[in-house]
Amino acid sequence: MSEANTPQTPELSQDGLAEDLARADLYGLLANLFFQPPDQIFLDQISASGNSEAQDNQAPLANVWMNLVEAAKNSKAADWKAEYDSSFLGVGKPNVFLYGSYYLAGHLHEKPLLDIRRSLLQFGLEASDSVAETEDHIAALFEVMRYLIAGEDVGVSNLTNQRVFFNDHIRAWYDDLCDAIDADPETHLYKAVSALTREFLAIESQSFDMV
């Protein structure tokens, strides 16, 4: 997703609040995990984040984060790739669809995708030609949220747009996606990603309700 025709990752604002930077980072991490299976460097980075402070934190979000850390520690990149290919790609119909249109309309490339494209146009964003996934892919939507939090153009990257975009294009179906991942018998490692996604987005939902 980009402001022009080339993909770009928005830089985190140096003036942003620590909480917002953490939210942006978590959206970015989940986008990476859903866009493609993690390589070993990424897994090692996740593993290294499980310090004693995080282990002692009993908050629900910290607990699901530590579950992901443990999954990263006890697996190899090849394991994640095999599971990603089996669950999210496959031959023909995948076990789990990662596209919002499927959950909201029952088919791919339906009205929810057009609604997302309309919202992106309002933000001055458009999909890169180099990205094959459509804009309703969960990774693409998380990248938009990251941009709306951490982007430097406050006319676009602001709390109002975050709330509207999240409520319009993510909130209604993320639980269904997590349910599908949890129910897939071939999914094991990505259940930790599902749990982190569900817990984080539940917190986001509650926070946006208070705005």
Side-chain angles (χ1 to χ4, degrees), residues 9 12 18-77 79-84 86-88 94-100 103 133 136-150 162 165-167 169-209:
T9 301
L12 298 182
E19 181 179 344
D20 282 341
L21 295 177
R23 290 174 56 223
D25 284 348
L26 192 43
Y27 273 116
L29 179 140
L30 291 172
N32 283 329
L33 288 170
F34 279 118
F35 181 67
Q36 62 186 8
D39 59 22
Q40 195 58 51
I41 294 175
F42 193 18
L43 288 177
D44 291 343
Q45 290 172 340
I46 293 174
S47 299
S49 69
N51 54 35
S52 57
E53 181 178 347
Q55 292 173 353
D56 293 339
N57 191 334
Q58 296 303 309
L61 186 60
N63 285 335
V64 293
W65 171 253
M66 286 308 303
N67 288 340
L68 177 61
V69 169
E70 289 302 313
K73 283 182 179 178
N74 297 307
S75 59
K76 299 295 184 184
D79 302 326
W80 288 79
K81 184 179 187 312
E83 184 169 308
Y84 187 96
S86 173
S87 296
F88 304 136
N95 293 353
V96 178
F97 284 98
L98 297 176
Y99 302 88
Y103 297 94
E133 308 297 350
D136 60 339
H137 191 284
I138 191 65
L141 295 172
F142 284 166
E143 274 300 325
V144 174
M145 285 301 297
R146 173 179 156 87
Y147 177 78
L148 294 178
I149 296 169
Q162 293 168 36
F165 190 84
F166 179 87
N167 286 336
H169 305 303
I170 298 176
R171 188 168 189 167
W173 65 278
Y174 77 80
D175 256 333
D176 293 333
L177 168 62
C178 293
D179 287 344
I181 293 172
D182 294 346
D184 178 17
E186 296 186 33
T187 301
H188 304 286
L189 297 169
Y190 265 89
K191 282 185 169 58
V193 181
S194 169
L196 178 60
T197 299
R198 196 193 298 272
E199 186 64 36
F200 174 50
L201 296 189
I203 294 171
E204 288 285 276
S205 299
Q206 294 170 3
S207 299
F208 287 132
D209 285 344

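As a basis for the values below, the full set of heavy atoms in this structure was taken, side chains included, without hydrogen atoms, waters or symmetry mates. Please read all numbers here as calculations on a predicted model, not as lab measurements.
- Distance CG/Leu201 to OG/Ser207: 11.0 Å, rounded to 0.5 Å.
- By the side-chain contact (heavy atoms from CB on, under 4.5 Å) test, Ala192 pairs with Leu68, Ala71, sequence neighbours left out.
- Atom CG of Leu26 sits about 4.5 Å away from atom CZ of Phe200, to the nearest 0.5 Å.
- Atom CD1 in Ile181 sits 7.0 Å away from atom OG1 in Thr187 (nearest 0.5 Å).
- Put simply, the side chain of Leu148 does not reach to within 4.5 Å of the side chain of Phe166, judged on heavy atoms.
- Shown here are the side-chain contact (heavy atoms from CB on, under 4.5 Å) partners of Phe35, two or more places apart in sequence or in another chain: Val131, Glu133, Ala139.
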Verdict with reasoning, Arg23 to Asp20, per salt bridge (Lys or Arg N to Asp or Glu O under 4.0 Å) = CA-CA 5 Å; Arg23 290 174 56 223; Asp20 282 341; 2.9 Å; yes
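- Counting only residues at least two apart or in different chains, salt bridge (Lys or Arg N to Asp or Glu O under 4.0 Å) contacts with residues 180-198 comprise Asp175-Arg198, Asp179-Arg198, Asp182-Arg198.
- Remark: Leu61 CG to Ile203 CD1 distance equals 4.5 Å, nearest 0.5 Å.
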message = Using the rule given for side chain to side chain contact (heavy atoms under 4.5 Å, CB included), can you reason through Arg146 versus Asp25, listing the C-alpha separation, both sets of side-chain angles and the distance that settles it, and then say yes or no?
response = CA-CA 7 Å; Arg146 173 179 156 87; Asp25 284 348; 3.9 Å; yes
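- Of all non-hydrogen atoms in Leu98 and Trp173, the two that sit nearest each other are O-CH2, 3.8 Å.
- Across every non-hydrogen atom of Ser86 and Asn95, the tightest pair is O-ND2, 3.7 Å.
- At least one side-chain heavy atom of Trp65 sits less than 4.5 Å from a side-chain heavy atom of Leu29.
- Here the CH2 atom belonging to Trp80 is positioned 11.0 Å from the CD atom belonging to Gln40, to the nearest 0.5 angstrom.
- Using a 4.5 Å cut-off on side-chain heavy atoms (C-beta onward), Leu177 and Ile138 make contact.
- With rounding to the nearest 0.5 angstrom, the OH atom of Tyr84 is 9.0 Å from the CZ atom of Phe34.
- Considering all non-hydrogen atoms of both residues, Asp39 and Ala77 come closest at C-CB, 3.8 Å.
- With hydrogens and angles left out, the side-chain atoms of Tyr27 and Glu204 include a donor and acceptor closer than 3.5 Å.
- For Ser47 against Val69, the heavy-atom pair with the smallest separation is O-CG1, 3.7 Å.
- When every heavy atom of Pro37 is checked against every heavy atom of Tyr190, the shortest pair comes out as CA-OH, 3.7 Å.
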